[in-house]
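Scroll down for the structure; my scribbles are underneath it.
In each ligand, atom 1 is the first atom listed, and ligand 1 is the first ligand listed. Nothing fancy with the numbering, it's 1 onward along the sequence.
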Amino acid sequence: MIFYPEIKKYAENFKMEGSVIGIDKIENGHINQTYVITCEKADGSHIRYILQTINTKVFTDPRSLMENIKNVTDYLKKIIAENGGDINRETLTCIETVNGDIYHVDEEGRYWRMYNFIEGTTSYQTVERPILFENVAKAFGKFQKQLADYPAETLHETIAKFHDTVKRYHDFEEAVKNDISGRAKDCQKEIEFYLAHKDICGEITSRIATGEIPLRVTHNDTKLNNIMIDNETDEGVCVIDLDTVMPGSALYDFGDSIRFGASSAAEDEKDLSKVYFVPELFEAFTRGFLSEAKDALNETEKDFLPMSAILMTLECGMRFLGDHLNGDVYFSIHYENQNLYRARTQMKLVADMEAQLEDMKAIVAKYR
Ligand code: ADP
Ligand code: GN1
Ligand code: MG
């Protein structure tokens with residue numbers, strides 16, 4: 001365990017049990033800074049917490065964001081308790097500050113928050129076994145069901161037009177046009193690929209506009225490492241990273257999970273021969289998701305499940321490439337050109353899924 005001594009004083013603003021004996025950093029998220037705080041209690045036992053700084057470049061209204069998370073997790077606790085579940089494990093708990101607040105603002109204006117650590121679980125970076133992915137699908141499907149009656153009008157929109165793929169396309173075009181980092185000349189092939197997909201960007205948004213696809217309370221960032229999976233049972237225990245819970249389409253959650261989880265390789269794999277769409281994983285996820293969500297979804301939503309996977313992957317790829325062109329200002333990178341590598345894997349996956357669209361539709365037909 002590496003101790004980050006400068007972090008201790010921020011942790012100590014929260015009501016923890018025991019005293020801090022260790023601090024680790026978790027590097028797998030692209031947005032927030034995440035630390036694991038280990039405390040020792042008077043009886044010698046240990047308890048862990050998650051301490052995060054909220055990325056205020058991405059979430060410009062952290063107060064509203066934390067209000068959403070507090071209200072959503074309190075609501076989930078009620079539903080979980082009614083169903084005989086474990087409220088301390090099946091959803092996040094916001095730990096209060098010593099002043100009774102849900103976040104702490106430090107001397108530099110950074111926002112900190114603390115959650116309970118979900119013990120006995122793992123957040124996976126790739127699907128190691130198909131059953132894991134089927135269970136993840138069930139957990140995300142269940143999450144949507146639990147929030148089906150949540151008063152959506154009380155939720156703040158933490159990032160406007162988050163999955164508006166048409167807007168994302170225009171942002172990407174801007175990044176290409178401005179080329180502020182001078183990198184466009186080295187990624188012409190990639191730029192052309194994304195620009196050539198303009199026509200499909202509106203497939204979901206246009207149907208939300210007509211009401212064919214309804215808005216629901218959704219998670220909007222359903223990647224595999226945003227769910228904690230039980231080490232013993234492989235069940236999806238707790239959906240985390242609730243920053244983007246807001247009104248959206250169920251298709252965003254389905255599509256984004258496929259984007260990340262139905263890939264053979266890591267999101268930034270450099271060797272594209274190792275990156276391909278895995279239909280068996282698509283099937284496992286579809287089976288799990290529809291087993292939970294089938295009755296709640298309408299026919300148009302079911303029709304567009306395969307397309308949502310293409311669109312969410314395309315959108316994320318445009319965001320990665322746009323960020324590369326903008327000089328890596330949004331997604332954390334750990335080495336040079338990481339966003340370009342990420343954009344390339346998304347291209348490969350989009351192309352694979354386009355080639356297999358009919359097969360994907362046949363899989364959905366089996367379970368819908
Ligand atoms: P980001 O927005 O940067 O992705 P996350 O909230 O997803 O931040 O946290 C990053 C990682 O930290 C997660 O992928 C997971 O591995 C771990 N993590 C976050 N919250 C918890 C928690 N409550 N218990 C255990 N691990 C957690
Ligand atoms: C970010 O926060 P994290 O790492 O779970 C991003 C998602 C992207 C994802 C790509 C708020 O998710 O939208 O799909 O990276 N989150 C935000 O890996 O922009
Ligand atoms: Mg995350």
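- Of all protein heavy atoms, the one closest to atom 24 (N) of ligand 1 is Ile118 N, 3.0 Å.
- Contacts between Tyr252 and ligand 2, counted as non-hydrogen atom pairs separated by less than 4.0 Å, are absent for every part of the residue.
- Because its NZ or CZ atom is both nearer than 6.0 Å to the ring centre of Phe320 and within 45° of the ring axis, Arg342 counts as a cation-pi partner of that residue.
- Met228 CE, 3.6 Å is the protein heavy atom nearest to atom 26 (N) of ligand 1.
- Contact annotation: the side chain of Glu134 never approaches that of Glu283 to less than 4.5 Å [non-hydrogen atoms, C-beta and beyond].
- Remark: minimum distance from atom 17 (C) of ligand 1 to any protein heavy atom is reached at Ile26 CD1, 3.6 Å.
- Between the side chains of Gln346 and Thr313, no donor N or O sits under 3.5 Å from an acceptor N or O.
- Below 4.0 Å from some heavy atom of Cys316 lie the following atoms of ligand 2, by number and element: 10 (C), 14 (O).
- No N or O atom of Phe117 sits closer than 3.5 Å to an N or O atom of ligand 1.
- Not a single heavy atom of Met312 sits closer than 4.0 Å to an atom of ligand 2.
- Which parts of ligand 2 touch Gly29 is read off a 4.0 Å heavy-atom cut-off, strictly below it: atoms 4 (O).
- Contact annotation: Asn116 has at least one heavy atom less than 4.0 Å from an atom of ligand 1.
- Looking only at heavy atoms of the protein, atom 1 (P) of ligand 1 is closest to Asp241 OD2, 3.4 Å.
- Note on ligand 1: Gln52 sits in its first shell, one or more heavy atoms being nearer than 4.0 Å.
- Checked against a 3.5 angstrom limit, the closest N/O atoms of Asn225 and ligand 2 fall outside it.
- Residue contact annotation: Asn226 has a non-hydrogen atom under 4.0 Å from ligand 2.
- Of the polar atoms of Thr244, none of the N or O atoms is found under 3.5 Å from an N or O of ligand 2, judged by distance alone.
- At the top of the distance list for atom 16 (O) of ligand 1, counting protein heavy atoms only, stands Ser123 OG, 2.7 Å.
- Less than 6.0 angstrom separates the ring centroid of Phe285 from the ring centroid of Phe254.
- Per-residue contacts place Asp241 under 4.0 angstrom from the following atoms of ligand 2 (heavy atoms of the residue considered): 2 (O), 3 (P), 5 (O).
- Among the atoms of Asp241, an N, O or S atom falls under 2.8 Å from the Mg ion (ligand 3).
- Residues Phe143 and Leu242 form a side-chain contact, since some pair of their non-hydrogen atoms from C-beta on lies under 4.5 Å apart.
- In terms of protein heavy-atom proximity, atom 19 (C) of ligand 1 is closest to Ile240 CD1, 3.5 Å.
- Each of Lys361, Arg207, Arg368 was evaluated against Asp303; a single residue qualifies, Arg368, per the salt bridge (Lys or Arg N to Asp or Glu O under 4.0 Å) test.
- A cation-pi arrangement is present between Arg110 and Tyr10 under the rule of less than 6.0 angstrom and at most 45 degrees off the ring axis.
- Residue contact check for ligand 2: Phe331 places a non-hydrogen atom closer than 4.0 Å to it.
- Using a cut-off of 4.0 Å between Lys/Arg side-chain N and Asp/Glu carboxylate O, Lys348 and Glu269 are scored as not salt-bridged.
- Close N/O approach between Asn220 and ligand 2 is not found [any backbone or side-chain N/O within under 3.5 Å].
- Atoms of ligand 1 lying under 4.0 Å from any heavy atom of Leu92, numbered from 1 in the order shown and given with element: 23 (N).
- Among the backbone and side-chain atoms of Asn226, an N/O/S atom is found under 2.8 Å from the Mg ion (ligand 3).
- With atom 8 (C) of ligand 2 as the reference point, the heavy atom nearest to it among His163, His30, Arg319 is part of Arg319.
- Residue Glu267 approaches ligand 2 through these ligand atoms, each under 4.0 Å from one of its heavy atoms: 10 (C), 18 (O).
- Checked by distance only, ligand 1 and Arg113 stay at 3.5 Å or farther apart across all their nitrogen or oxygen atoms.
- The proximity of Thr34 to ligand 1, defined as any non-hydrogen pair under 4.0 Å, is limited to the side chain.
- Counting heavy atoms under 4.0 Å from ligand 1, residue Asn226 touches it through the side chain alone.
- Shortest contact from atom 3 (O) of ligand 1 to any protein heavy atom: Asn32 N, 2.8 Å.
- What sits closest to atom 27 (C) of ligand 1 on the protein, heavy atoms only, is Ile50 CD1, 3.5 Å.
- Glu235 and Lys142 are not joined by a salt bridge, as no carboxylate oxygen comes within less than 4.0 angstrom of a charged side-chain nitrogen.
- Judged by distance alone, the side chains of Asn13 and Trp112 never bring a donor and an acceptor atom under 3.5 Å apart.
- The side-chain heavy atoms of Glu96 and Cys94, taken from C-beta on, include no pair separated by under 4.5 Å.
- In this structure, Lys57 forms no cation-pi arrangement with Tyr111, as its terminal cationic atom is not both closer than 6.0 Å to the ring centre and no more than 45° off the ring axis.
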